[in-house]
*Asks:* 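Dropping the structure in here first, questions after.
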Amino acid sequence: MKKVLWQELRRTEFEEAVKADAIVIIPVASTEQHGNHLPINTDANCCFTIAQRAAEAIDEFPVLVLPMVWTGFSPHHMEHLGTITLKYDTFVELLTQIARCVHAHGFKNILFLNGHGGNSAVIAAMRFKLGGEEGFSSVGYDYWNISPTSEEMEAVSETDKGFIGHAGEVETSLQLYLQPHLVDMDSAAWAPGVCGNSTVASREKGERIVNAAVEGLVKLLRDYHSGKLEDNLALWRDEVKAELKDQHRYPRYSPD
Ligand SMILES: [Zn+2]
């Protein structure tokens with residue numbers, strides 16, 4: 001059976017994966033409070049599940065998923081119980097070292113899949129660092145910003161209007177689909193640290209959003225492997241260097 005989880009491969013299987021030009025997904029999320037009704041691994045569970053399902057759906061080339069980077073940058077959640085955050089510098093260094101190791105083994109295609117809003121800007125800055133100081137490129141996306149996920153979120157959400165929020169309609173729906181046994185809908189109400197309306201969440205909405213996210217990520221991985229999708233930060237740097245002011249590219253991924 002095809003393996004997609006990095007930790008399950010043997011040394012010889014890594015050799016084959018490098019030869020086959022595998023893409024390596026580094027899933028990054030958080031361990032942080034999600035209101036009174038959702039488990040603390042909400043971001044990590046959503047991000048990792050989407051990464052794993054997309055990797056399993058691709059047969060033309062290998063896609064490997066690293067073990068979850070389960071803690072991120074969440075100082076703004078520390079006043080709520082259960083949150084584990086890293087300091088900014090520690091988080092950047094952790095991601096840098098992981099990516100450096102992956103690259104050192106010969107993998108040229110590295111994709112950071114992010115599952116926590118507080119990480120987004122940090123990952124973008126860290127990817128600049130990879131390009132500038134470490135000399136290799138990567139791509140990075142929030143799972144909810146990969147088309148058609150955002151469109152599907154907009155279509156199914158009654159109150160969040162396509163906004164990912166925090167422990168609101170979207171994330172509660174995702175958890176009702178992915179980990180229903182860990183959700184307490186009797187406690188689903190606004191509370192400090194919640195953004196959005198969790199009471200209108202449903203399993204069906206969650207399933208549609210996850211399916212859209214997997215579909216979008218599969219297309220993105222294929223585009224990355226074929227060379228159609230490149231490191232937008234490196235492109236930006238190159239463009240500035242070449243003073244090609246008339247060719248602008250944008251960091252948000254949108255398929256044809
Ligand atoms: Zn979350």
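Counting convention: from 1, in listed order, for ligands and their atoms alike. No experiment lies behind these values; they were computed from the predicted model shown.
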*Asks:* Could you check whether Phe112 and Tyr141 have their ring centres less than 6.0 Å apart?
*Replies:*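 Judged by ring-centre distance (under 6.0 Å), Tyr141 and Phe112 do not meet the cut-off.
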*Asks:* If I compare all heavy atoms of Gly193 with all of Gln33, which pair ends up nearest, and what's the gap?
*Replies:*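 It is O-NE2, 3.1 Å.
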*Asks:* Looking at Gly168, is its backbone amide N or carbonyl O close enough to the side chain of Glu171 to form a donor-acceptor pair, meaning the two atoms are under 3.5 Å apart?
*Replies:*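 It does not hold such a pair.
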*Asks:* Can you name the side-chain hydrogen bond (donor to acceptor under 3.5 Å, both in side chains) partners of His37, sequence neighbours left out?
*Replies:*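 Partners of His37 by the side-chain hydrogen bond (donor to acceptor under 3.5 Å, both in side chains) criterion, ordered by chain and then number, come out as Thr172.
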*Asks:* Using the six-membered ring wherever Trp is involved, compare the ring planes of His225 and Phe61 and label them parallel, tilted or perpendicular (cut-offs 30° and 60°).
*Replies:*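 Geometry flag for Phe61 against His225: parallel rings.
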*Asks:* Might you confirm whether atom NZ of Lys87 has over 12 heavy atoms from other residues, nucleotides or ligands at distances under 6.0 Å?
*Replies:*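 Result for NZ/Lys87: open.
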*Asks:* Which atoms of the protein, restricted to N, O or S, are nearer than 2.8 Å to the Zn ion (ligand 1)?
*Replies:*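 Hits for the Zn ion (ligand 1) below 2.8 Å: His34 NE2, Asp43 OD1, Glu171 OE1, Glu171 OE2.
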